[in-house]
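Just the heavy atoms: all of them, side chains too, but no hydrogens, waters or symmetry mates, feed the values below. For clarity, every value in this text was computed on a predicted model and none was experimentally measured.
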Amino acid sequence: MQNRYVLEAKGISKRFPGVLALDNVDFQLKEGEVHAVVGENGAGKSTLMHILGGIHKPNSGRLYMDGKEIVCKSPIDAQGYGIGIVFQELSLISELSVAENIFAHRQPKNMLGFISKKKLSEKTNELLDTFNEKINPLLPIKFLTIAKQQVVEILKAMSHNPKVLILDEPTSSLTQIESDRLFENIKILKKRGISIIYISHHLKEIFEIADRATVLKDGKYVDTVNVKDVDEEKIVSLMVGRDVSHKYVNRQDKIDYSKTVFETRELSHESLFQDMSIKVHAGEILGMSGLIGAGRSEFARTIFGLDKIKSGEMYLDGQKVIPKSPADAIGMGIAYTSENRKLEGLFLNSSIKENCVSPQLNNFTKKGLGVLDEKLMDDYAKMCVEKFNISTPTTQQFIRNLSGGNQQKVLLSMWLGIQPKILIADEPTKGVDVGAKAEIYEILRKLADSGVAVIVISSDLLEVLTISDNIMVMKSGKIAAKLKNSDADEENIISYATGVSI
């Protein structure tokens, strides 16, 4: 590998209203390397990538490509300099074909000026061959899996022949097998001399795929390290500036096994899951693991009254219940935080204050007047910000302007405000940095310590092993195993989830 820098940023600063997102940050990318950028939510990773990709303009600092200063006023400028970016949120149009998405606004034309589907397919197949992918170029995107859509998104960026490719949280919606395939594709690009900037909250991936890693914290540059020379503990300490534990805290003495808070008996959905029988006790954190599509979230949604029960029974504090709607469930003391906090959990264009009080508006209404008590709402929101350590200059801050970790803490504060008997947290740390993860784990443990029954659904095996007192593994809509934390490890969870002996 050559040591010259294909892309370099010097003294980059970027200020948004009330926030200094980047403060004199330096970054160097070598030719043909995979360079990870890591840091907690709010560290400035995305802002730096947006500046490199021409989406934001820096307030100060300079960019260099192959040693020559460049100015990126737009994504088109960045593409012209050879910088491609693939965002976590895919930008594909579901109704258009693979080929139409890759070559949008650049379709090859015939002599009459019409789009040539033959040439379009040929050019698309050439790109697909790069990754040994056998996808029909004319197939609409909506029929592809998320993993295949990710491939198309990368090939769309590759169609501009970039020197630099930025991948922002590319595995956030992928299974382990799909992630492994992505890593193989990244290695293919690396062999072709393409330099890759890789952003991920999963440090395990950094050690698998990256050559170097740059750490940012609170908008400032911390250090750049050779990945082979450090371990995960060192990276974490650079990111958060403190020791963070992601090991299971034995809580068996906090669980009252004589008191079953929530129980299902042979609960079944029309098609999504069958014969689900579980018990969650006072003070217990039950982890639910399994592959995507195993039926975990569907089971949770049914408990919360979002989907209908075909057969079976539910009991809360020994009383038979059938929530017919989320409002029913909330009234019974059942809380559910969706895995998709942006679409189903939070009001992004509303303030922290408005989100915190939203599940319990009746408690903030002036008696007899039917209007909201702003002072009461203000006080409650400030209490939530302090209690859940939400990083914000004001409770009037819009949710969309918060980092992923702070959004997740607002979501938890919303639902813990109803004082639930049972909380179902679906992917509670998805897209959240290691420091915020530790805080969220502590919030869930304290909730369970108070006697609340907690169910945590997670695709992250280490998370399941870290937070769960007991673990239930699902496969194809059914319970494949029930394990104590002391009897569980990554191998046997995967084995039960896949039905393959390891």
Side-chain angles (χ1 to χ4, degrees), residues 15-21 40-42 46-47 88-89 300-301 304-306 323 325-433 436-437 439-440 442-444 446-447 452 454:
R15 182 179 294 277
F16 296 103
V19 179
L20 182 59
E40 296 184 90
N41 284 114
S46 293
T47 302
Q88 180 179 355
E89 307 286 342
R301 288 171 59 86
F304 194 57
L306 285 164
S325 67
D328 263 2
I330 292 168
M332 296 170 184
I334 301 172
Y336 169 63
T337 62
S338 169
E339 66 174 323
N340 193 334
R341 61 175 175 264
K342 291 186 177 181
L343 288 181
E344 299 177 342
L346 295 164
F347 301 102
L348 297 181
N349 293 319
S350 297
S351 67
I352 293 173
K353 179 179 78 173
E354 290 165 332
N355 274 268
C356 285
V357 304
S358 60
Q360 44 170 335
L361 289 177
N362 288 340
N363 294 333
F364 298 95
T365 303
K366 291 182 179 179
K367 293 181 179 179
L369 297 178
V371 295
L372 293 172
D373 188 326
E374 293 291 336
K375 174 69 166 57
L376 199 60
M377 290 167 61
D378 282 334
D379 291 343
Y380 180 77
K382 289 175 183 176
M383 182 274 293
C384 287
V385 166
E386 182 177 350
K387 181 178 180 180
F388 293 93
N389 193 28
I390 299 165
S391 180
T392 178
T394 170
T395 59
Q396 299 296 333
Q397 181 77 274
F398 286 149
I399 294 294
R400 66 169 183 266
N401 294 330
L402 298 180
S403 67
N406 285 304
Q407 287 182 356
Q408 193 65 37
K409 285 188 276 186
V410 171
L411 183 61
L412 286 170
S413 74
M414 287 169 57
W415 290 105
L416 298 192
I418 71 168
Q419 298 182 321
K421 297 177 181 178
I422 178 169
L423 169 71
I424 307 170
D426 196 347
E427 303 288 359
T429 66
K430 184 177 181 180
V432 168
D433 62 72
K437 275 188 180 183
E439 291 182 274
I440 290 169
E442 191 59 26
I443 289 170
L444 294 174
K446 286 182 178 179
L447 181 66
V452 175
V454 178

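Listed by chain and number, the residues in a side-chain hydrogen bond (donor to acceptor under 3.5 Å, both in side chains) with Asn362 amount to none (sequence neighbours excluded). Residues satisfying the side-chain contact (heavy atoms from CB on, under 4.5 Å) criterion with Thr394, sequence neighbours excluded, are Gln396, Gln397. For Glu344, the side-chain hydrogen bond (donor to acceptor under 3.5 Å, both in side chains) partners are Ser338, not counting sequence neighbours. Partners of Thr429 under the side-chain hydrogen bond (donor to acceptor under 3.5 Å, both in side chains) rule, at least two apart in sequence or in another chain, are Glu463. Applying the side-chain hydrogen bond (donor to acceptor under 3.5 Å, both in side chains) criterion to Thr395, with sequence neighbours excluded, gives no partner residue. Evaluation of the salt bridge (charged side-chain N to carboxylate O under 4.0 Å, His left out) rule for Lys353 yields Glu374, Asp378 as partners, not counting sequence neighbours. Residues satisfying the salt bridge (charged side-chain N to carboxylate O under 4.0 Å, His left out) test with Arg341, not counting sequence neighbours, are none. Checked against salt bridge (charged side-chain N to carboxylate O under 4.0 Å, His left out), Asp373 has no partners two or more places apart in sequence or in another chain.
The minimum heavy-atom distance linking Val452 with Lys421 is given by the pair CG1-O, 3.4 Å. Here the closest heavy-atom approach between residue Cys356 and residue Gln360 is recorded as O-NE2, 4.3 Å. For the residue pair Thr337 and Leu412, the shortest heavy atom distance occurs at CG2-CD2, 4.3 Å. Residue Asn363 comes nearest to Leu376 through the heavy atom pair O-CD2, 3.6 Å, listed as atom of the first residue, atom of the second, then distance. Asp328 approaches Pro323 most closely through the heavy-atom pair CB-CA, 3.9 Å.
Looking at heavy atoms from C-beta onward, Ser413 lies out of side-chain contact with Lys387 at the 4.5 angstrom threshold.
Between the CG atom of Asn401 and the OG atom of Ser351 there is a distance of 11.5 Å, given to the nearest 0.5 Å.
In terms of modelled atom types and a separation under 3.5 Å, the side chain of Gln408 and the main chain of Pro428 share a donor-acceptor contact. Panel note: side chain Asn406, backbone Ser391; a donor-acceptor pair is recorded below 3.5 Å.
Residue pairs meeting the salt bridge (Lys or Arg N to Asp or Glu O under 4.0 Å) criterion with at least one partner in residues 389-415, sequence neighbours excluded, are Lys409-Glu439. Within the structure, ring-ring contact (aromatic ring centres under 6.0 Å, His included) contacts touching residues 328-351 (residues at least two apart or in different chains) are Phe304-Tyr336. Applying the ring-ring contact (aromatic ring centres under 6.0 Å, His included) definition to pairs two or more places apart or across chains, those involving residues 371-409 are Phe364-Tyr380.
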